[in-house]
Amino acid sequence: MLPSRTTRATVAAALASMVLAACSSGPGRITANRATDAAGSTGADKATTTTTAASTRSQRPSVDGQELSWQQCDLDDLDLPEGGSDVVETGKVECATLEVPLDADDPTGRTVEIGLSRTPATGSSSQRRGTLVVNPGGPGGSGMSFAALAKIGFPAEITSRYDIVGFDPRGLGASDPIECLSADRREEIVETESPEDPAAAAALGDAVAKEIAEGCRSDDAELFERMGTSYVVDDLDAIRAALGEDRLNYLGLSYGTRIGAVYADRYPNRVGAFVLDGAVSPDPSLQTMGVGQATGIVRAYQAFLASCSAMPSCPIGDGPAQTVDALAARLEADPVTYPGTSGSERLDRDRFLTGILTSLYDVSASVPAMEAIGAVAGSDPERRALGASFLGGLADQQSGREADGTYGNSFEVQGIVNCADSTGPMSDAESAAVDASIKALGGTMAEFLAEPGSNCRDLPSGESPSIVTASSAADRILVVGTAGDPATPIEWATGMANALGGSALLTYEGAGHTASLHVACVTEQVVGFLEDARVSAQTCPTDPDAGDPYLALAEQIERLGLKKGIGRCIADSLRGKADVLEIFGPDADPSPEVIAMLQDAMRRCAAGR
């Protein structure tokens, strides 16, 4: 469904230790931590699926009696980027587990364990407003890691007021996991190029889907049949009860909006204030999701190329679309190699286009992505490898690759949940119609997106959890949509607000996937809605600084405890001096000179010079 990780180009978590050590000297590593969002299908993620009966689940009684025992986190339970442990430790993050029924219809039967994390509010007692439960999207995104990194990933207007609580949905991460494939097999599947012949590609997808289904049933058949959002929302209500909250305050991004919407439908009287940013379509059919998202991606890609053409000197060249097309064809025949986590790695056509697609999620990644494309197209071998590393690192985020180079089970989880939530599997004719609609969008990106995807014939499908109109919670829900969102097109936000019964709709006129946590105007409206369920505006204009990667980096450094406003000073000190690919690449290894430049900027700006 949705690409596996949204890429709000956040500060490298590896910088945390350097900043908190008062700018210690020496070389280090900067790795962009991009807090996740919506999981999607590229390559083998486009798996296939068995129909189950549609869900008829209704509101359950409140699950009371459990108390959470918050303790120091085991860092192995958190999917953290390099350096993230420093943020967790300085943010006083705590973790807990909660036992929930495998099936809420059988409350005395088998249970599963749900992992949670909490970053305590930083404000005074008069500022604090309680708890905000968050989900970053996916399916397959770790809510525990999302909340654990709140110190750098969330604006102070939110972290000062709320304890930020995240959870790993059932089957994932620190919750009782479902392991359908071995790590080696996941890597093999992800790194196998899709055949050029459509029939061969479809056959490969079917075979992988069957393998996943067999592995899941062998590992935990009961959990495998109960992975959909219909079950996740019952877990969320158990979390609410364990937190001691009569009503739940919730922020869901991307796929997390489906969790919130289904919860509001099932438990309307337990909704406090909900913010659903980057809303998925209320129609979960595979046809709607496939064509709708491809439309958003192609529009965003065209805007990306147009913005490069409008620059005084486009890093991709005078004809960026033609350059990308030619480069994709060249990489299919002759991939670029570069040093990576697992030794020598390759940037082929699929990873190249997936990396570009991923950069569309975050406009502050646009300029680095343009530079990377230009570098891969260029003749300097060292620069080419740096550009390939940047784009390859973005592509890795799509397939759930972790910091150590292995692939986590989010690879399977996203397909399992998307199929479970769908209205049912697609026939060959329906799949062909979807592919034709996507190809009709035109261009290399559309051709790439039209490659055989999930038809959900071998995975459980058809639960299609209800999102109904005229919900009694509609006035306590704010839907946020972004005009240029690639992953969840703005039309879906309008549809979601209407489906919920006329919930408030806030439109951000800029680009990128979700806006609540990094666009000041949207953050202001979100904070106001969480306070009193009201918004003072229906639209927020494009943030002129949104595309500045230096400012995105510096503002997250500022959140580590520097004086408000210092981030802009640091950004101004770096702009035009530090290479964007050295600083912002997911696997970049900046030179001592670049790190010294950053340290000097922090010292000077902190001293007011």
Side-chain angles (χ1 to χ4, degrees), residues 2-3 6-9 34 37-38 40 42 254 277-279 291-328 352-374 377 390-391 394-395 398 437-450 480-494 506-515 518-519 521-522 539-549 551-552 580 584:
L2 308 170
T6 56
T7 56
R8 171 60 196 150
R34 290 165 171 83
D37 157 51
T42 59
S254 198
D277 187 359
V291 176
Q293 187 178 50
T295 300
I297 290 171
V298 170
R299 283 194 309 220
Y301 174 62
Q302 292 170 343
F304 169 83
L305 296 175
S307 68
C308 195
S309 294
M311 296 169 67
S313 179
C314 172
I316 305 175
D318 292 337
Q322 293 77 14
T323 299
V324 171
D325 292 351
L327 193 50
F352 172 66
L353 293 174
T354 301
I356 295 174
L357 183 158
T358 307
S359 75
L360 304 176
Y361 281 54
D362 176 6
V363 290
S364 74
S366 293
V367 170
M370 293 172 188
E371 291 285 350
I373 295 167
F390 180 87
L391 293 169
L394 291 181
Q398 293 287 353
S437 295
I438 294 173
K439 287 180 180 179
L441 297 170
T444 295
M445 187 62 74
E447 287 286 334
F448 174 60
L449 294 169
V480 181
T482 297
D485 193 320
T488 52
I490 186 65
E491 293 86 351
W492 288 358
T494 302
L506 174 65
T507 300
Y508 172 52
E509 295 176 338
H513 183 44
T514 77
H518 58 274
V519 176
C521 172
V522 179
T539 61
C540 280
T542 299
D543 181 353
D545 293 326
D548 185 345
L551 188 59
V580 291
F584 301 104

Quick check for you: to the nearest 0.5 Å, what is the distance between [X] atom [atom1] and [Y] atom [atom2]?
| X | Y | atom1 | atom2 | result |
| --- | --- | --- | --- | --- |
| Ser313 | Asp318 | OG | CG | 8.0 Å |
| Leu449 | Gln293 | CG | CD | 8.0 Å |
| Cys314 | Glu371 | SG | CD | 9.0 Å |
| Leu327 | Ile356 | CG | CD1 | 7.5 Å |
| Asp325 | Glu447 | CG | CD | 10.0 Å |

Which atom pair, heavy atoms only, marks the closest approach of [X] to [Y]?
| X | Y | result |
| --- | --- | --- |
| Ala546 | Tyr508 | CB-OH, 4.0 Å |
| Ala487 | Trp492 | O-CZ3, 3.7 Å |
| Ala515 | Thr482 | CB-OG1, 4.1 Å |
| Thr539 | Leu506 | N-CD1, 3.9 Å |
| Ala365 | Ser359 | CB-O, 4.0 Å |
| Thr323 | Ala377 | CG2-CB, 4.3 Å |

Decide yes or no for [X] and [Y]: does some side-chain heavy atom of the first lie under 4.5 Å from some side-chain heavy atom of the second?
| X | Y | result |
| --- | --- | --- |
| Val580 | Phe390 | no |
| Thr514 | Val480 | no |
| Pro320 | Ser309 | yes |

Side chains of residues 295-307: which donor-acceptor partners sit under 3.5 Å, not counting sequence neighbours?
from	atom 1	to	atom 2	distance (Å)
Thr295	OG1	Val291	O	2.8
Arg299	NH1	Glu491	OE2	3.0
Arg299	NH2	Glu491	OE1	3.1
Ser307	OG	Ala303	O	3.4
Ser307	OG	Phe304	O	2.7

- Query: In chain order, what residues pass the side chain to side chain donor-acceptor pair (under 3.5 Å) check against Asp485, with sequence neighbours excluded?
  - Reply: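 By the side chain to side chain donor-acceptor pair (under 3.5 Å) rule, Asp485 matches Thr488, His513.
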- Message: Looking at Thr542 and Glu509, would you say the former's side chain and the latter's main chain have a donor-acceptor pair under 3.5 Å?
- Response: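 Yes, because the side chain of Thr542 sits within donor-acceptor range (under 3.5 Å) of the backbone of Glu509.
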